[in-house]
There are 2 protein chains.
Amino acid sequence: MKFILRHKLSILYGISLAVLLLVLKWLEIKFIIYDHSLEIYIGAIALLFTGLGIWLAIKLTKPKVQVVEKEIYIQQNGDFVFNEKAFEKTGMSKRELEVLELMAKGLSNQQIADSLFVSLNTIKTHCSGIFFKLDVKRRTEAVEAARRMGLIP
Amino acid sequence: MKFILRHKLSILYGISLAVLLLVLKWLEIKFIIYDHSLEIYIGAIALLFTGLGIWLAIKLTKPKVQVVEKEIYIQQNGDFVFNEKAFEKTGMSKRELEVLELMAKGLSNQQIADSLFVSLNTIKTHCSGIFFKLDVKRRTEAVEAARRMGLIP
DNA sequence: TGCAATTTCACCCGAAAGTATGAGTGGAAA
DNA sequence: TTTCCACTCATACTTTCGGGTGAAATTGCA
């Protein structure tokens with residue numbers, strides 16, 4: 001069933017061609033026309049006008065535009081205060097905090113590297129430092145911990 | 001000039017018909033076919049396949065997708081309230097939400113699997129579903145998006 | 001100027017995450 | 001009863017992450 005739905009148009013077109021051939025066969029019997037050049041000629045006409053129809057439809061019909069509304073959720077929490085004390089307690093450097101913030105936004109190490117114009121290896125090093133200082137193992141854990149400590153909103 | 005531009009399509013179609021007639025005439029001379037039913041038959045074929053072409057084109061042309069971004073503001077006042085509407089809009093299942101919550105706590109896929117007493121592969125499948133429905137690529141991104149939408153605290 | 005901390009980068013390797021595809025099961029709806 | 005969907009699990013593969021280690025370059029401060 002899936003196959004039929006997926007190839008609906010191909011199948012329909014195939015059927016159309018089959019019908020055309022049948023019509024031609026019928027004509028052959030009807031008029032006892034054995035000159036095959038007529039069949040070829042009719043086929044050419046059919047193709048030509050199919051093309052014409054497609055061209056006409058494309059030119060005449062207004063371009064179909066499907067408007068998709070994408071909702072963007074924006075959180076406005078002005079009540080975030082950076083916990084300076086907690087930050088100092090971790091012993092994190094400024095650069096590490098920068099990386100942590102980008103990490104919390106969901107960026108990959110490569111994206112963070114590109115944002116800060118440094119190499120991927122550098123970001124990895126910073127990550128290791130962050131994980132060590134926050135006493136965590138994974139980036140998601142780090143983000144969770146940092147949020148609880150008030151280092152990021 | 002204006003007239004030509006305005007009636008471009010009509011003119012072209014007229015020309016097409018004229019060409020068809022000429023072709024028919026040429027055939028009449030060429031094959032000395034005096035049976036007018038053939039002309040009628042060819043005309044019918046032409047019309048039929050023009051229609052087929054139009055129908056095909058209409059069916060085949062994909063609507064251009066235009067994404068309109070709609071901003072939704074959420075005010076966060078201290079304590080967390082679950083955004084039911086946003087949740088329904090994502091189309092996520094209950095199970096996926098469960099996985100998302102554990103994910104946001106910083107658990108690894110294996111830990112989530114152990115918590116929910118299912119296999120690691122199952123969690124991976126759920127993760128893929130979550131990422132698709134939240135339109136993100138990574139777990140950290142998913143957590144960020146879910147938090148903004150008010151799905152998790 | 002010299003030292004310490006920070007920042008930068010590199011390489012290797014294993015673990016974890018994520019993709020793609022297919023499939024089986026049970027419950028609810030049509 | 002059939003169909004649909006959520007949930008489950010699997011295999012195979014690619015990409016990203018993170019650990020370990022070492023080492024330049026830079027910066028800030030004594």
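Naming: A, B, ... by sequence-line order, numbering from 1 per chain.
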Between [N] atom [atom2] and [X] atom [atom1], what is the distance in whole Å?
{"X": "B:Leu100", "N": "D:dC7", "atom1": "CG", "atom2": "P", "answer": "13 Å"}
{"X": "B:Phe131", "N": "D:dT15", "atom1": "CZ", "atom2": "P", "answer": "17 Å"}
{"X": "A:Leu116", "N": "C:dC9", "atom1": "CG", "atom2": "C1'", "answer": "15 Å"}
{"X": "A:Ile123", "N": "D:dT16", "atom1": "CD1", "atom2": "P", "answer": "15 Å"}
{"X": "B:Lys133", "N": "D:dC5", "atom1": "NZ", "atom2": "P", "answer": "11 Å"}
{"X": "A:Glu96", "N": "D:dG18", "atom1": "CD", "atom2": "C1'", "answer": "15 Å"}
{"X": "B:Gln110", "N": "C:dG18", "atom1": "CD", "atom2": "P", "answer": "14 Å"}
{"X": "B:Glu88", "N": "D:dA6", "atom1": "CD", "atom2": "P", "answer": "14 Å"}

Does a donor on one side chain and an acceptor on the other come within less than 3.5 Å for A:Thr125 and A:Ser128?
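No - no donor-acceptor pair under 3.5 Å links their side chains.
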Given [N], is OP1 or OP2 found less than 4.0 Å from the side-chain N or O atoms of [X]?
{"X": "A:Arg138", "N": "C:dA16", "answer": "no"}
{"X": "B:Arg139", "N": "C:dG18", "answer": "yes"}
{"X": "B:Asn109", "N": "C:dA17", "answer": "yes"}

Side-chain ([X]) to main-chain ([Y]) donor-acceptor, under 3.5 angstrom:
{"X": "B:Arg138", "Y": "A:Leu107", "value": "no"}
{"X": "A:Gln111", "Y": "A:Ser108", "value": "yes"}
{"X": "A:Thr61", "Y": "A:Ala57", "value": "yes"}

Would you kindly compare B:Phe117 and A:Lys137 by the position of their nearest DNA chain D nucleotide and give the one closer to the 5′ end?
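The residue mapped nearer the 5' terminus is B:Phe117.
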Is it possible for you to say whether B:Leu120 and B:Met103 belong to one hydrophobic cluster, with membership spreading through side-chain heavy-atom contacts below 4.5 Å?
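No, no single cluster joins them.
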So if I take every side-chain heavy atom of [X] and compare against [options], which nucleotide ends up nearest?
{"X": "A:Ser128", "options": "C:dT19, C:dT6, D:dG19", "answer": "D:dG19"}
{"X": "B:His126", "options": "C:dT19, C:dT7, D:dT8", "answer": "D:dT8"}
{"X": "B:Lys94", "options": "D:dT16, D:dC7, C:dT6", "answer": "D:dC7"}

Every protein N/O within reach of nucleotides 10-12 of chain D N/O, cut-off under 3.5 Å:
none

Find out whether B:Phe49 and B:Leu52 are in side-chain contact, i.e. whether some heavy atom of one side chain is under 4.5 Å from a heavy atom of the other.
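Side chain of B:Phe49 against side chain of B:Leu52, heavy atoms only: contact under 4.5 Å found.
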Got a salt bridge between A:Lys94 and A:Glu98, using NZ or NE/NH1/NH2 to carboxylate O under 4.0 Å?
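Between A:Glu98 and A:Lys94 there is no salt bridge, as every charged N stays at least 4.0 Å from the carboxylate O atoms.
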